[in-house]
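Report on the following structure.
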Amino acid sequence: MTARFALSLVNAVASQLADPGTVPGLRKHRQHLAYGLPGIALLHIERAARGMGPWRHAHEWLAAASGQPLTSGPHSHPFYGMPAFAHALACAADHLPGSYRRALDTLDRQIVVDVRRRLDTAHRRIDAGSLPQLAEFDAIRGLTGYGAHLLRRGPDGPTERAVLDYCVRLTEPITHNDARLPGWWTPTGPSGRPDDRFPGGHANTGMAHGIGGVLALLALAARNGTLVNGHHAALRTILAWLDRWRECTGGAAAWPYWVAREELRNGRLAPYRPRRPSWCYGTAGLARAQQLAALALGDTNRQIDAENALVAALADPDQLRAMTDSGLCHGFAGLAHVAARVAEDAHPTTVGQLRAALQVPLAAVISPGTDPEHVAGALVQDEKQGPGLLDGAAGTALALLAPTTVTPARSAWDTCLLIA
């Protein structure tokens, strides 16, 4: 019943998002993967790749997204403009031999130009002994996100290797104002802007905006066979940082969203408070990143520890109470999807527990006995979350597919999240 309802909900969301001309409020987000047309296209691409729906809807959303010029250069990033559209287009092209190839080649050439420019700026910043901004390296706006795209499109190409070289260099400590800091220490708050609550800045651990995404990219590249000098040492540096700041409460491991300057000075975190085990911040994303790193390093004990951390989080009422919505980024559907990805690669001793535990976030999203069309309508029309990928209806529907069907994503749509 649970699986049947979940698939009915996915189909109902896709039906209500079938025509880009009938979904209001998307014009300002036309180029945005998180909130706009490319992200919604991913739902139709994945369903078509699974044989659950026609390719026509995917084509229409892609056409709508590219109906006007796409932004490139300094004002674009992995979730906005050409790179965002290129991700969606690549997901479709993988299943449609011969389609979109010329367009993708054109997009990739511009992306390489933009990445090279960003790399030059980043290395000059490091040479000057300055601290990075989050947008320099994070998964949403920065070089880690670009690296995820290049790993699919040119996994052993010179630009991908240059991004990995940069990631290795980012893990080297930096001395700033007579303080020795991790190389990813940023002078701002987690928003990327100056914040009085973070005097002296912070070290972000998350997958979306922090070192968790860098760890995942390095691990995915290593598993793909793409290695650069210092690759394994960089993986171990990040893992050691996460080990240092790991917390345990009620038998469940958790990691802080970030480490502030006073906490670094004192060598201990502020008093523990439950944190949601989501993709963007929290146990789910970081457990997947550490599992991938352990697999790349051949460290079975660390792999099992990471998987057990996620199992414990899925059973921890305090962490689950910190979840507030159903979305992909920081909601229950995203938690279920990440757990399904972890289960795909899990050690035989933990895979059964993971598959059983991921039913918990699934049950928080779906309500057998209610009308899937009604639930889908509420998701699509939610003015706060919207219909998009990261927070909204399309992402919730996409995230339900893998854990419900017990089959991985067919279109690699979630590579932009650095979990696959």
Side-chain angles (χ1 to χ4, degrees), residues 126 129-134 136-138 144 167-216 218-219 230 232-278 280-291 293-294 297 299 301-302 305-306 308-310 312-313 316 318-319 322:
I126 296 173
S130 301
L131 298 176
Q133 299 295 319
L134 291 174
E136 176 186 294
F137 66 86
D138 75 9
T144 303
C167 289
V168 169
R169 197 175 184 199
L170 187 70
T171 66
E172 297 170 359
I174 189 168
T175 301
H176 184 76
N177 292 339
D178 298 323
R180 188 174 173 84
L181 303 168
W184 61 91
W185 192 277
T186 182
T188 67
S191 68
R193 296 184 293 272
D195 190 329
D196 291 341
R197 295 171 300 173
F198 292 86
H202 78 294
N204 197 294
T205 62
M207 287 286 282
H209 300 297
I211 199 62
V214 179
L215 176 66
L218 287 167
H232 284 173
L235 286 170
R236 292 190 175 96
T237 294
I238 302 171
L239 290 169
W241 175 266
L242 294 175
D243 288 346
R244 176 181 177 184
W245 299 105
R246 174 174 169 152
E247 302 173 284
C248 287
T249 175
W255 291 267
Y257 293 171
W258 45 70
V259 177
R261 190 63 176 271
E262 188 67 19
E263 292 171 322
L264 182 67
R265 237 186 324 263
N266 295 337
R268 64 179 182 275
L269 295 168
Y272 176 81
R273 65 185 187 282
R275 299 176 178 89
R276 61 179 185 252
S278 54
C280 54
Y281 286 105
T283 304
L286 285 174
R288 177 57 169 168
Q290 290 175 86
Q291 179 200 39
L297 294 169
D299 187 340
N301 289 335
R302 182 177 288 278
D305 283 348
N308 281 332
L310 183 52
D316 182 355
D318 290 334
Q319 289 190 67

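The basis for the numbers below is simple: all heavy atoms, side chains too, and nothing from hydrogens, waters or symmetry mates. We number each residue from 1, following the sequence as shown. Nothing here was measured: the structure is a model prediction, and the numbers come from that model.
With hydrogens and angles ignored, the 3.5 Å screen pairs a side-chain donor or acceptor of Asn266 with a backbone N or O of Glu262. Side chain of Trp245 to main chain of Leu269: no donor-acceptor pair is present (N/O by atom type, distance under 3.5 Å, no hydrogens or angles). Formation of a donor-acceptor pair under 3.5 Å by the Thr283 side chain with backbone atoms of Leu310 is not found in this model.
Nearest heavy atoms, Ala216 versus Met207: CB-CE, 3.9 Å. Among all heavy-atom pairs drawn from Ala179 and Arg261, the shortest one is CB-NH2, 2.9 Å. Between Cys167 and Leu218, the shortest heavy-atom distance links the atoms CB-CD2, 3.9 Å. Residue His209 comes nearest to Phe137 through the heavy atom pair O-CE1, 3.9 Å, listed as atom of the first residue, atom of the second, then distance. When all heavy atoms are compared, the tightest approach of Pro187 to Leu131 is CD-CB, 3.7 Å. Closest approach of Thr188 and Gln133 over heavy atoms only: CG2-OE1, 3.3 Å.
Surrounding CZ of Arg265 are more than 12 heavy atoms belonging to other residues, nucleotides or ligands, all under 6.0 Å away.
The CD1 atom of Ile211 sits 10.5 Å away from the CG atom of Leu239 when rounded to the nearest 0.5 Å. Atom-to-atom distance recorded for Asp318:CG and Arg273:CZ is 13.5 Å, nearest 0.5 angstrom. Atom CG of Leu235 and atom CG of Asp299 lie 11.0 Å apart (nearest 0.5 Å). Once rounded to the nearest 0.5 Å, the distance linking CZ of Arg276 with CD of Gln319 reads 12.0 Å. The CG atom of Leu242 sits 11.0 Å away from atom OG1 of Thr237, with the distance rounded to the nearest 0.5 Å. For the atom pair Leu134 CG and Glu136 CD, the distance stands at 10.0 Å (nearest 0.5 Å).
For the pair Thr205/Trp241, a side-chain contact is recorded, criterion being any heavy-atom separation below 4.5 Å from C-beta on. Side-chain contact check for Arg275 versus Tyr257: some heavy-atom pair is nearer than 4.5 Å. No side-chain heavy atom of Leu215 sits less than 4.5 Å from a side-chain heavy atom of Leu286. A heavy-atom distance below 4.5 Å is not found between the side chains of Thr144 and Asp138.
Taking Ala306 as the reference, Gln290, Gln291 meet the side chain to side chain contact (heavy atoms under 4.5 Å, CB included) condition, with sequence neighbours excluded.
Residue pairs satisfying the side-chain hydrogen bond (donor to acceptor under 3.5 Å, both in side chains) criterion with at least one member in residues 192-204, sequence neighbours excluded, are listed as follows: Asp195-Arg197, His202-Asn204, Asn204-Tyr281. Residue pairs meeting the salt bridge (Lys or Arg N to Asp or Glu O under 4.0 Å) criterion with at least one member in residues 167-191, sequence neighbours excluded: Asp127-Arg169.
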